[in-house]
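Encoded as structure tokens, the structure appears first; notes follow it.
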Amino acid sequence: MIKFTGLLFVFLFSALGGHLLAKREKEQIESAEGMLYLIRSIRQNVAFFRIHLDEIYQRFSYPSLQDSDFLVHLRKKGLKDAYLSEKDRFGYDSFTETRFLSFAETVGRLPIDEQIKSCDLLCDLLEEKLRESKANFPTKKRLYNVLGISLGIAMIILFL
């Protein structure tokens with residue numbers, strides 16, 4: 001009986017692990033949406049209202065970024081430091097991360113026309129990555145769930 005209970009827990013924890021990986025992938029997509037919304041907000045506020053970055057950061061809010069320290073770092077230290085403190089949250093590849101960090105270093109320092117163009121270019125890249133992530137999510141979700149269940153079954157077979 002104890003062995004059966006232990007095997008059941010091993011299976012459940014493995015299945016839960018797959019579910020948590022899928023949940024993390026979904027959270028990365030939601031955070032990436034928040035980042036895209038932030039860049040669009042910067043563009044709009046700079047282009048139309050000529051608002052300074054500090055004020056944009058103070059006003060900015062997005063639900064998926066509220067439960068992390070990203071907004072706190074954004075408001076205190078700026079975009080680059082905020083991203084670096086929470087970069088795993090967004091799941092960007094190295095190319096996207098390099099482009100983003102380049103943008104974060106220059107935002108607020110360029111003439112307005114160049115800043116708007118820089119925002120547009122980054123938005124295009126982030127939108128493309130977001131579309132890819134959303135398109136791949138159902139497949140990855142199934143993969144993570146099947147992988148977790150398969151690992152649980154393999155562990156049960158191994159211990160029997």
Side-chain angles (χ1 to χ4, degrees), residues 12-151:
L12 290 176
F13 283 127
S14 296
L16 180 64
H19 176 73
L20 291 176
L21 286 172
K23 183 179 177 191
R24 181 171 183 249
E25 187 79 23
K26 184 178 181 184
E27 289 171 352
Q28 283 181 338
I29 291 171
E30 291 170 351
S31 294
E33 286 175 335
M35 184 61 78
L36 179 60
Y37 183 73
L38 172 62
I39 303 305
R40 286 179 180 160
S41 178
I42 290 171
R43 186 206 184 284
Q44 180 182 7
N45 283 305
V46 167
F48 298 117
F49 306 114
R50 307 284 195 248
I51 296 175
H52 193 267
L53 281 177
D54 291 337
E55 190 174 342
I56 295 170
Y57 295 160
Q58 291 299 322
R59 292 180 180 183
F60 180 76
S61 179
Y62 197 81
S64 66
L65 299 176
Q66 292 291 0
D67 58 349
S68 72
D69 290 336
F70 178 78
L71 293 179
V72 173
H73 288 289
L74 178 69
R75 292 173 182 142
K76 287 184 180 178
K77 298 180 181 179
L79 186 58
K80 182 179 178 183
D81 288 334
Y83 175 77
L84 290 173
S85 71
E86 299 279 328
K87 70 180 186 176
D88 292 336
R89 179 173 200 75
F90 302 99
Y92 294 142
D93 59 12
S94 61
F95 176 75
T96 306
E97 184 172 311
T98 303
R99 295 281 306 271
F100 183 84
L101 288 173
S102 175
F103 170 82
E105 288 177 357
T106 60
V107 68
R109 297 181 185 165
L110 299 172
I112 291 177
D113 292 341
E114 289 181 35
Q115 193 165 318
I116 292 168
K117 184 178 178 182
S118 181
C119 287
D120 289 340
L121 291 172
L122 185 61
C123 281
D124 291 343
L125 176 63
L126 295 181
E127 285 172 354
E128 178 185 333
K129 296 299 179 182
L130 188 58
R131 271 193 305 275
E132 288 175 12
S133 295
K134 284 183 175 182
N136 293 334
F137 178 69
T139 304
K140 284 186 175 182
K141 181 180 177 181
R142 278 192 305 266
L143 175 70
Y144 291 143
N145 287 329
V146 167
L147 187 63
I149 291 170
S150 299
L151 181 63

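Just so we're clear, the structure is a prediction, and the values are computed from it rather than from any experiment. We count residues from 1, following the sequence as given. Quick note: numbers below take in every heavy atom, side chains included, and nothing from hydrogens, waters or symmetry partners.
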Tell me, with the steps shown, if Leu121 and Arg99 meet side-chain contact (heavy atoms from CB on, under 4.5 Å).
CA-CA 10 Å; Leu121 291 172; Arg99 295 281 306 271; 4.1 Å; yes
Over all heavy atoms of both residues, which pair between [X] and [Y] is shortest? Give the atoms and the distance, please.
X	Y	value
Ala47	Ile116	CB-CD1, 3.4 Å
Ser118	Leu110	CB-CD1, 4.4 Å
Tyr92	Glu97	CB-N, 4.2 Å
Gln115	Arg109	OE1-N, 4.1 Å
Gly91	Gln28	CA-NE2, 3.7 Å
Ala15	Ile149	CB-CG1, 4.1 Å

Got a second to check how far [X]'s [atom1] is from [Y]'s [atom2], nearest 0.5 Å?
X	Y	atom1	atom2	result
Arg40	Asp120	CZ	CG	10.5 Å
Leu38	Ser61	CG	OG	11.0 Å
Leu130	Glu128	CG	CD	11.0 Å
Asn145	Lys140	CG	NZ	14.0 Å
Leu74	Leu53	CG	CG	9.0 Å
Ser133	Lys26	OG	NZ	14.0 Å

For Phe103 and Tyr83, I'd like to know if the aromatic rings sit close, meaning centre-to-centre distance below 6.0 Å.
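No - the distance between ring centres of Phe103 and Tyr83 does not fall below the 6.0 Å cut-off.
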Would Ser64 and Glu27 count as having a side-chain donor-acceptor pair, cut-off 3.5 Å?
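The criterion, which ignores hydrogens and geometry beyond distance, is not satisfied for Glu27 and Ser64.
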Heavy-atom check, side chain of Leu20 versus side chain of Tyr144, under 4.5 Å:
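They are not in side-chain contact.
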Under 4.5 Å between any side-chain heavy atoms of Ile39 and Phe100, yes or no?
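In contact.
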Partners passing side-chain contact (heavy atoms from CB on, under 4.5 Å) against Asp93 (at least two apart in sequence or in another chain):
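Asp93 satisfies side-chain contact (heavy atoms from CB on, under 4.5 Å) with Phe95, Thr96, Lys129 once adjacent residues are dropped.
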Who are the side-chain contact (heavy atoms from CB on, under 4.5 Å) partners of Lys80, not counting sequence neighbours?
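Applying side-chain contact (heavy atoms from CB on, under 4.5 Å) to Lys80 gives Leu84, Leu101, Ala104, Glu105.
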Can you check side-chain contact (heavy atoms from CB on, under 4.5 Å) on Glu114 and Thr106, steps first, answer last?
CA-CA 10 Å; Glu114 289 181 35; Thr106 60; over 6 Å; no
Is it true that atom OH of Tyr62 has more than 12 heavy atoms of other residues, nucleotides or ligands lying nearer than 6.0 Å?
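Enclosed: over 12 neighbouring heavy atoms sit under 6.0 Å from OH of Tyr62.
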Heavy-atom neighbours of Arg24 CZ exceed 12 at 6.0 Å:
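At most 12 heavy atoms, drawn from other residues, nucleotides or ligands, come within 6.0 Å of this atom.
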For Tyr57, which residues count as a ring pair (Phe, Tyr, Trp, His ring centres under 6.0 Å) partner, sequence neighbours excluded?
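Testing Tyr57 for ring pair (Phe, Tyr, Trp, His ring centres under 6.0 Å), a comparison that skips the adjacent residues, returns none.
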Please lay out, stage by stage, how Leu122 and Met35 fare under the test side-chain contact (heavy atoms from CB on, under 4.5 Å).
CA-CA 11 Å; Leu122 185 61; Met35 184 61 78; over 6 Å; no
Go through Ile56 and Val46 one step at a time and tell me if the side-chain contact (heavy atoms from CB on, under 4.5 Å) criterion holds.
CA-CA 9 Å; Ile56 295 170; Val46 167; 4.0 Å; yes
If only atom types and distance count, is the side chain of Thr98 paired as donor or acceptor with the main-chain N or O of Ser94 below 3.5 Å?
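Such a contact is found between Thr98 side chain and Ser94 backbone.
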Tell me whether Asp67 is salt-bridged to Arg89, with the criterion being a basic N under 4.0 Å from an acidic carboxylate O.
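Yes, charged N to carboxylate O under 4.0 Å.
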